[in-house]
Amino acid sequence: MYKTEIKNMDLGQLAKSGQCFRMRLAAEMEHGGIWSAAAGGRYVEVMQDGSHFLFSCEEDEFEGGWRTYFDMDTDYEAVKRSVDPEDEYLQAAMAFGGGVRILRQDLWEMIVTFLISQNNNIPRIRNSVDALCARFGEKKTGIGLVLDLEGCVKTVEKTYDPFPEAGAVAAGGLEGLAGLGLGYRDKYIWTMAEKCSGPDGTKWLDDLRAADYHTAHGMLTAEFGIGRKVADCVCLFGLHHVEAFPVDTHVKQIVNTYYPGGFPLERYRGYAGILQQYMFYYKLNDK
DNA sequence: TCACAGGCTTCTG
DNA sequence: CAGAAGCCTGTG
C-alpha cells in the first residue's frame, strides 16, 4: 500500500465527471470510501479521506503509472487561480467540483468510450462499457483494499474485466457487438477496432499520440462515426490536449445562458478543456 | 468556415 | 413524447 497527500482531487467527483466510466465505489465509508479504477491493464483501489489517499499498490507502481493517470504533475491550483474572479459561474463550478481533473486515460479506450457517448447519457454509457469489458476483456486479478473487523485496512485479491484490446473487438465482428446497448454506434466501434488493431493500427495510434491538437483532431474526424465533439473528447481525455473544448448539448446551454458573447477561450488559451470539465460537472451534478 | 433536415438505438422521466 | 457528452448523408 502507498499513502500520499493529493490536493484538488476527489474520486467521487471524478467518477461522476463523465470522462471515465470505469471508476466505481468498491466500499462505502464514513468519510468518502474505497474507489476502484481499471486502466492500462492495471487495477487499483484507493481510499480517500479529504486530501489523504491510500493506494492498494506499492510506491513503485504508483510512481510508474497511477501518478500519471491521475495527472498529478499538473498544477490545478494555478489553473484555479487564473480564473476571472468576476466569473461567477466558473467560480461556483470550481467551488462545487474542485476535485475534478483531466485523467490521462488510454487512447483506444477513449475512442470507443466517446463513440458510445454520442446521443447518449452517462448511465447508459457506463452500462455499455461494462458490458463490452465483460464480453471481451479477459478477466485479470488485481489488488484491492478491505477493512478487517478491527477497522484496519488490508490488501485483498480482486478480479476485474480489463478494457478489451482492439484486436479482440475486431475479431468478434459486428455481430460480436450485439446486445451491448450500443445501438447504431456498433458499426462505428467495429470500424475503429479494425483500424486500431494490428501493426498498422498501432502505428496510427502512435501517430495520433505524436500529433499536435489540430492535427489529431483532423485525423479523428476523418474516421467513420467521429465528429467534432467526439474528436474533442478523445483529444482531451485520451491525448491530454487540454486546449480541446468539447461543446455538447450541456456546454452549449451553459454558454447560451452564462456566456452570451461566447466562452472566453482566448483568456484561457491552452487549457480551456480543464475549465470545461468544471462547468460540465457542475451542470450535471448540482441540484 | 454552408445550412439544415431526417434518421439512427434505447432508456428515463 | 422529449431528451440524452452526435454523426452521417442528402439536399438546396
Side-chain angles (χ1 to χ4, degrees), chain A residues 13-23 89-90 93 96-97 100-103 105-132 134-135 169 174-195 213-259 262-263 265-266 272-287:
Chain A
Q13 291 176 10
L14 281 169
K16 288 188 290 182
S17 69
Q19 63 176 296
C20 76
F21 301 89
R22 310 246 302 129
M23 193 178 291
Y89 188 79
L90 255 181
F96 182 79
V100 173
R101 304 172 152 246
I102 309 293
L103 301 176
Q105 301 185 78
D106 178 73
L107 178 55
W108 153 247
E109 181 175 337
M110 291 303 98
I111 291 171
V112 176
T113 299
F114 285 95
L115 277 173
I116 296 172
S117 78
Q118 66 180 256
N119 203 5
N120 213 337
N121 55 57
I122 292 177
R124 278 200 60 211
I125 299 165
R126 194 183 287 277
N127 285 339
S128 287
V129 171
D130 284 346
L132 186 70
R135 179 168 298 178
V169 177
L174 186 56
E175 57 273 29
L177 293 171
L180 304 178
L182 299 171
Y184 64 95
R185 310 165 191 83
D186 57 359
K187 53 190 178 294
Y188 303 154
I189 294 167
W190 186 72
T191 304
M192 288 311 293
E194 288 266 273
K195 174 91 185 175
Y213 165 57
H214 183 258
T215 308
H217 193 269
M219 288 172 71
L220 286 162
T221 51
E223 297 302 323
F224 185 44
I226 302 182
R228 238 172 84 182
K229 190 271 174 184
V230 170
D232 269 327
C233 286
V234 173
C235 284
L236 183 56
F237 304 125
L239 295 166
H240 210 78
H241 291 307
V242 291
E243 65 263 54
F245 189 83
V247 178
D248 73 306
T249 170
H250 298 289
V251 174
K252 196 176 286 178
Q253 286 174 35
I254 294 168
V255 173
N256 287 343
T257 307
Y258 300 100
Y259 303 93
F263 186 76
L265 288 171
E266 318 75 41
I274 299 176
L275 307 180
Q276 188 269 13
Q277 272 297 276
Y278 290 137
M279 296 192 292
F280 183 81
Y281 178 81
Y282 185 44
K283 169 104 171 29
L284 262 70
N285 295 287
D286 179 45
K287 287 288 174 263

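We name chains A, B, ... by the order of the sequence lines, and we start the count at 1 in each one. Just so you know, these numbers use all the heavy atoms, side chains as well, and skip hydrogens, waters and symmetry mates.
- At whole-Å resolution of the value, CZ in F114(A) and C1' in dG6(C) are 13 Å apart.
- Within 4.0 Å (heavy atoms only), G18(A) reaches at least one base atom of the nucleic acid.
- Spacing between atom CZ of R185(A) and atom P of dA4(C) amounts to 14 Å, rounded to whole angstrom units.
- Atom C1' of nucleotide dT10(B) and atom CG of N121(A) are separated by 9 Å, given to the nearest angstrom.
- Panel note: side chain R185(A), backbone L182(A); a donor-acceptor pair is recorded below 3.5 Å.
- We find that CZ of R126(A) is positioned 17 Å from C1' of dT12(B), with the value rounded to whole Å.
- At least one side-chain nitrogen or oxygen of Q253(A) sits closer than 4.0 Å to the OP1 or OP2 atom of dA4(C).
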Dot-bracket line, read 5' to 3' along DNA chain B, where crossing pairs take [ ] and | marks a partner on another strand, Watson-Crick or G-U under 3.5 Å
.|||||||.||||

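- No hydrogens or angles were tested; on distance alone, a donor-acceptor pair under 3.5 Å links the side chain of Y184(A) to the base of dG6(C).
- Each of P246(A) and E223(A) was matched to the nucleotide of DNA chain C holding its nearest heavy atom; the match closer to the 5' end belongs to P246(A).
- Nucleic acid contact class of R228(A) (heavy atoms, under 4.0 Å, all strands): sugar-phosphate only.
- Looking at N120(A), its side chain has no donor and acceptor atom pair within 3.5 Å of the base of dT10(B).
- In this structure, F96(A) and Y282(A) have tilted ring planes: the angle between them lies in the 30° to 60° band.
- Contacts of F21(A) with the nucleic acid, taken as non-hydrogen atoms under 4.0 Å apart, are absent.
- Remark: side-chain polar atoms of E223(A) are not paired, donor with acceptor, to backbone N or O of T191(A) under 3.5 angstrom.
- Distance alone, capped at 3.5 Å, is enough to place a donor-acceptor pair between the N285(A) side chain and the Y281(A) backbone.
- For the C1' atoms, the distance from dT9(B) to dG3(C) is 14 Å, rounded to whole Å.
- Counting to the nearest Å, the C1' atom of dA4(C) and the CD1 atom of I125(A) are 9 Å from each other.
- Under the ring pair (Phe, Tyr, Trp, His ring centres under 6.0 Å) criterion, Y278(A) pairs with no residue, sequence neighbours left out.
- Computed from coordinates, the L180(A) CG to dC11(B) C1' distance equals 16 Å when rounded to whole Å.
- Between I189(A) and V112(A), the closest heavy-atom pair is CG2-CG1, 4.1 Å.
- For D130(A), the salt bridge (Lys or Arg N to Asp or Glu O under 4.0 Å) partners are R24(A), not counting sequence neighbours.
- Within 4.0 Å (heavy atoms only), Q277(A) reaches at least one base atom of the nucleic acid.
- For dA4(C) and dC8(B), the C1' atoms lie 14 Å apart once the distance is rounded to whole Å.
- Remark: P of dC8(C) and NZ of K187(A) are 11 Å apart, rounded to the nearest angstrom.
- Residue T221(A) is classed as having no contact, given no heavy-atom separation below 4.0 Å to the nucleic acid.
- Map I122(A) and I226(A) each onto its nearest nucleotide of DNA chain C; the residue landing nearer the 5' end is I122(A).
- Closest to the side chain of F224(A), out of dC7(C), dC8(C), dA4(C), is dC8(C).
- Rounded to a whole Å, the CG atom of L284(A) is 10 Å from the P atom of dA4(C).
- Between the Q19(A) side chain and the R101(A) main chain, a donor and an acceptor come within less than 3.5 Å of each other.
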